[in-house]
Amino acid sequence: MTDDDWRDDRIGSAHRGENPTVLRRLDSGFAVIGDRQFLPGYSVLLTDDPAVTRLSDLPRARRAAYLGDLERLAEAVERACARLDPAFRRVNIEILGNTDPYLHAHIWPRYDWEPADRVRLPVWLYEEEHRRAEQHALGPRHDALRADIGAELDRLGEA
């Protein structure tokens, strides 16, 4: 297995402890930090069941648990990003499902330093080459951010 194989099965690799982006195991899934950090703190809540393709696939109790975990991850990202960057503005939360077939939700931090023509628009309107640029690849320089989001998840889980 190569180092990139985990991307082919993000949920399975999270269950096996092989997904290096996992921040924490939550009640309904996995809090992960995004592979690309062009907006530092970008995170995703993965369902723990790859057969679940949309929120409405979950029974009400599991749906409530998923949405509770989503709120917890979004608040953790908000707290960590606000502490690390004074230009932090807010988080955007999206459940799209147009590309990956399993339920997942995106948590996008937004910043005042974003280009004026982008800051008020959806993240998806950033050019593909910007979103996929190697300079934004998750790496050691994101370790403090990862640790801070994880610590916030822990604090919020205790509350």
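Just so it is clear, the model here is predicted, and its values are computed rather than measured. Computed over heavy atoms, backbone and side chain alike; hydrogens, waters and symmetry mates excluded.
- A donor-acceptor contact shorter than 3.5 Å is absent between the side chain of Thr21 and the backbone of Asn19.
- Asp9 has its side chain out of reach of Glu18: every pair of non-hydrogen atoms, C-beta onward, lies at least 4.5 Å apart.
- For the residue pair Ser43 and Ile149, the shortest heavy atom distance occurs at OG-CD1, 4.0 Å.
- Cation-pi geometry between Arg25 and Phe30 is met: under 6.0 angstrom from the ring centre, within 45 degrees of the axis.
- At a threshold of 4.5 Å between non-hydrogen side-chain atoms, the residues Leu96 and Trp124 count as touching.
- In this structure the side chain of Tyr66 never reaches within 4.5 angstrom of the side chain of Val52, judged on heavy atoms.
- Using a 4.5 Å heavy-atom threshold, the side chains of Glu78 and Ile107 count as separate.
- Heavy atoms from other residues, nucleotides or ligands lying under 6.0 Å from CZ of Arg141 number more than 12.
- Ion pairing between Glu114 and Arg89 fails under the 4.0 Å rule for side-chain N and carboxylate O.
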For Leu73 and Leu153, what are the C-alpha separation, side-chain angles and deciding distance, and is it a side chain to side chain contact (heavy atoms under 4.5 Å, CB included)? CA-CA 6 Å; Leu73 178 55; Leu153 281 167; 4.1 Å; yes

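- Judged by distance alone, the side chain of Arg90 and the main-chain N or O of Arg110 form no donor-acceptor pair under 3.5 Å.
- Using a 4.0 Å cut-off between a side-chain N of Lys or Arg and a carboxylate O of Asp or Glu, Asp48 and Arg62 qualify as a salt bridge.
- When all heavy atoms of Cys81 and Pro40 are compared, the pair lying nearest together is SG-O, 3.4 Å.
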Which pairs would a plain distance check flag for residues 97-104, meaning a side-chain donor or acceptor within less than 3.5 Å of a matching protein atom at least two apart in sequence or in another chain?
residue	atom	partner	partner atom	Å
His104	ND1	Tyr102	O	2.7
His104	NE2	His106	NE2	3.4

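- Put simply, the side chain of Arg63 gets close to the backbone of Leu58: a donor and an acceptor are under 3.5 Å apart.
- Salt-bridge check for Arg10 with Asp35: passed, with a basic side-chain N closer than 4.0 Å to an acidic carboxylate O.
- Environment of CZ in Arg155: crowded, with over 12 heavy atoms of neighbouring residues, nucleotides or ligands closer than 6.0 Å.
- In terms of heavy-atom proximity, Phe88 sits nearest to Pro109 at CE1-CB, 4.1 Å.
- Arg16 places a side-chain N or O within 3.5 Å of a backbone atom of Gly12 that can act as its donor or acceptor partner.
- Residues Leu138 and Arg146 have side chains in contact (heavy-atom distance under 4.5 Å, counting atoms from C-beta outward).
- Nearest heavy atoms, Ala105 versus Ile95: CB-CG1, 3.6 Å.
- A donor-acceptor pair is defined here as one N or O able to donate and one able to accept, closer than 3.5 Å; such a pair exists between the side chain of Asp69 and the backbone of Ser28.
- Between Arg24 and Ala151, the shortest heavy-atom contact is NH2-N, 3.9 Å.
- Contact record, Arg36 with Ala137: NH1-CB, 3.1 Å, taken as the closest heavy-atom pair.
- One hydrophobic cluster, built from ILVMFWY side chains closer than 4.5 Å, cannot hold both Leu70 and Leu156; they sit in different ones.
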